[in-house]
Amino acid sequence: MRVKSSATDDTRIAVTGPGEQVGLGTLQAALGVVAFSLTFPATAWGLEGFGPWSLVAVRSVLAAVIAGCCLCVAGASRERGRTRGRIPLPDRGQLPGLAVVGAGVVLGFPLLTTLALETSTTAHAAVVVGLLPLTTALLSALRMGTRPSRTFWAAALAGAAAVLAFTVQQSGGSLTAADGFLFAALLVCAAGYTEGGRLARVMPGWQVIGWALVLCLPLTVPAAVLALSYEPVRLTAHGVAGLLWVAAGSQFLGLVVWYRGMAAIGIPKASQLQLAQPLLTLVWSVLLLGEHLTAAAPLTAAAVLVCIAVTQRSRS
């Protein structure tokens, strides 16, 4: 990093070089993956105290409150003179993209995976996130015209195959009725990631998910009131902890760093970091839910890490 100074202003401006920017973007995307890896175990905890519809609606409302507070605080800071002007509202051309983010990431993926986890284990649900990187890269290529190299695609396919084989083996090799929810969640989430990564190139990543959450409030608030009136609620420690994590960690903070990382290193490369997510989820499942891990885990982890290394070095 080099420091640039002005003769008329002794304030130092840090200028980040391309290599440092890529490194920071990779770190941010990786932090997003860690946050997402806790989503399924936290959802399983949340279902101990809330019904599936209540859990999804309330988590979205809480995340929107956090996002709205951040938008207000950042706007107030700008008004106090740190920077000039308020945080701008999304323009009309950004609203369709934010709608896709809201439909895919705020509403679709949480609802579909929560419904699946009522009858599926976290290991089986990890099939979704195992295939999500490849699906995101495919939608990105169609939506944004990106053309990753053949090496990239080979490594991505190998990593997805390794993760898929491992997670299916963990679930006993059988498919359940929840698979329909899981595969639908895969598609809507990949669409939300693609649009979010595209928007994060023209507006800060935290504002992408922040505005998407806030714009969904007219749907999530009535849904939360209705769901809470019909589904029983038991305020257990696990239930509350799970709700708070999926709201603050998975729904907002994780997506903030994830979108910033995607904007810095590109959607295809960032998406491949998610190949490690199912394995991290399985580790959390052992530690938090008491699930058992087979001897295949270390071998699969090694194969996935090799695939990630290849995708990160290959040229887009």
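Given the structure is predicted, the values throughout are model-derived calculations rather than measurements.
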Side chain proximity check, [X] to [Y], heavy atoms < 4.5 angstrom:
| X | Y | value |
| --- | --- | --- |
| Phe252 | Val106 | no |
| Thr43 | Trp245 | no |
| Thr220 | Leu107 | yes |
| Trp53 | Leu228 | no |
| Arg59 | Ser250 | yes |
| Thr114 | Phe181 | no |
| Cys189 | Leu132 | yes |
| Gln207 | Leu71 | yes |

What are the two closest non-hydrogen atoms of [X] and [Y], and how far apart are they?
| X | Y | value |
| --- | --- | --- |
| Ser37 | Leu280 | CB-CB, 3.5 Å |
| Cys216 | Gly102 | SG-CA, 3.8 Å |
| Ala64 | Leu217 | CB-CD2, 3.5 Å |
| Pro52 | Leu115 | CB-CD2, 3.9 Å |
| Trp258 | Ala29 | CE3-O, 3.5 Å |
| Ala30 | Leu273 | N-CD1, 4.1 Å |

Heavy atoms of other groups near Trp284 CH2, more than 12 under 6.0 Å: no

Linking I/L/V/M/F/W/Y whenever their side-chain heavy atoms sit closer than 4.5 Å, directly or via other members, would [X] and [Y] fall into one cluster?
| X | Y | value |
| --- | --- | --- |
| Val233 | Leu243 | yes |
| Val56 | Val221 | no |
| Leu157 | Phe152 | yes |

Step-by-step side chain to side chain contact (heavy atoms under 4.5 Å, CB included) determination, Leu112 to Leu182: CA-CA 7 Å; Leu112 292 166; Leu182 294 174; over 6 Å; no

Backbone of [Y] reached by a side-chain donor or acceptor of [X] within 3.5 Å:
| X | Y | value |
| --- | --- | --- |
| Glu231 | Ser54 | yes |
| Thr39 | Phe36 | yes |
| Gln94 | Asp91 | yes |
| Arg234 | Glu48 | yes |

Pair listing, salt bridge (Lys or Arg N to Asp or Glu O under 4.0 Å) test, anchored in residues 196-220, at least two apart: Glu195-Arg198

Parallel, tilted or perpendicular: ring planes of Tyr193 versus Tyr259, cut at 30 and 60 degrees: perpendicular

Pairs meeting criterion ring-ring contact (aromatic ring centres under 6.0 Å, His included) with involvement of residues 211-244, two or more places apart: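 Residue pairs passing ring-ring contact (aromatic ring centres under 6.0 Å, His included), neighbours aside: Trp45-His238.
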
Worked verdict on Phe183 versus Leu131 for side chain to side chain contact (heavy atoms under 4.5 Å, CB included): CA-CA 9 Å; Phe183 286 115; Leu131 296 176; 3.9 Å; yes

Leu31: hydrophobic cluster co-members (side-chain, 4.5 Å):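 Under the 4.5 Å side-chain rule, Leu31 groups with Leu27, Val257.
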
Worked check of side chain to side chain contact (heavy atoms under 4.5 Å, CB included) between Leu253 and Trp206: CA-CA 8 Å; Leu253 296 177; Trp206 72 274; over 6 Å; no

Leu38 and Val246: CA distance, side-chain angles, deciding distance, side chain to side chain contact (heavy atoms under 4.5 Å, CB included) verdict: CA-CA 8 Å; Leu38 280 160; Val246 293; over 6 Å; no

Interatomic spacing from CG in Leu55 to CG in Leu111 - rounded to 0.5 Å: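 It is 10.0 Å, given to the nearest 0.5 Å.
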
